[in-house]
Amino acid sequence: FPVTITCAKNLSVTLPTQKKGTKVISKVRTPNGAVFALATITVKKAGAVKLPTIDFKKPGTYQLVTFINGKSSTLKITVKK
């Protein structure tokens, strides 16, 4: 689902409960198409997984792509001026 936030804000994402040993990889795609690795996490204890906070400096449409055990999901983030 799309999320709209104001520029200069940050976004903290918590994933629902994951099993111990689950591999979580998250990346951010910027409006100009660049991709940055956000985190690679191997769950040590079953429970919710909090990704690092993302700080947005420029307006535009970003994508947070998360891979959980190889399956991807994408969160569209629109940052307004």
Side-chain angles (χ1 to χ4, degrees):
F1 59 91
V3 174
T4 302
I5 63 173
T6 311
C7 191
K9 294 277 185 175
N10 56 31
L11 179 68
S12 183
V13 174
T14 301
L15 303 175
T17 300
Q18 302 297 318
K19 295 178 189 173
K20 179 180 177 181
T22 300
K23 187 172 183 179
V24 178
I25 300 171
S26 57
K27 300 178 180 187
V28 176
R29 182 180 305 274
T30 65
N32 66 3
V35 177
F36 297 95
L38 184 61
T40 298
I41 301 166
T42 300
V43 179
K44 293 183 175 143
K45 182 179 172 186
V49 176
K50 185 175 180 189
L51 299 178
T53 300
I54 307 168
D55 235 352
F56 298 101
K57 302 292 183 194
K58 296 181 180 180
T61 301
Y62 295 79
Q63 291 181 340
L64 172 62
V65 182
T66 304
F67 298 88
I68 300 173
N69 281 339
K71 291 186 177 181
S72 71
S73 62
T74 302
L75 177 64
K76 181 180 171 186
I77 304 156
T78 303
V79 179
K80 294 187 175 182
K81 199 168 190 177

Side-chain donor-acceptor contacts of residues 30-53 below 3.5 Å, not counting sequence neighbours, with atom names and distances?
from  : atom 1 : to    : atom 2 : distance (Å)
Thr30 : OG1    : Asn32 : OD1    : 2.4
Thr30 : OG1    : Ala34 : N      : 3.2
Thr30 : OG1    : Ala34 : O      : 3.3
Asn32 : OD1    : Ala34 : N      : 3.1

Would you mind reporting whether Lys58 and Val79 have side-chain heavy atoms less than 4.5 Å apart?
-> no
Do Lys57 and Asp55 come within less than 4.5 Å of each other through their side chains, counting heavy atoms only?
-> yes
Kindly indicate whether the side chain of Tyr62, heavy atoms from C-beta on, has any atom under 4.5 Å from the side chain of Ile54.
-> no
Hey, does Thr66 have a side-chain heavy atom less than 4.5 Å from the side chain of Leu75?
-> no
Remaining members of the apolar cluster that contains Ile25, side-chain heavy atoms under 4.5 Å | Val65, Phe67
Output side-chain donor-acceptor pairs under 3.5 Å for residues 13-24, partner residues at least two apart or in another chain, one line each.
from  : atom 1 : to    : atom 2 : distance (Å)
Gln18 : NE2    : Pro16 : O      : 3.0
Thr22 : OG1    : Lys19 : N      : 3.4
Thr22 : OG1    : Lys19 : O      : 2.7

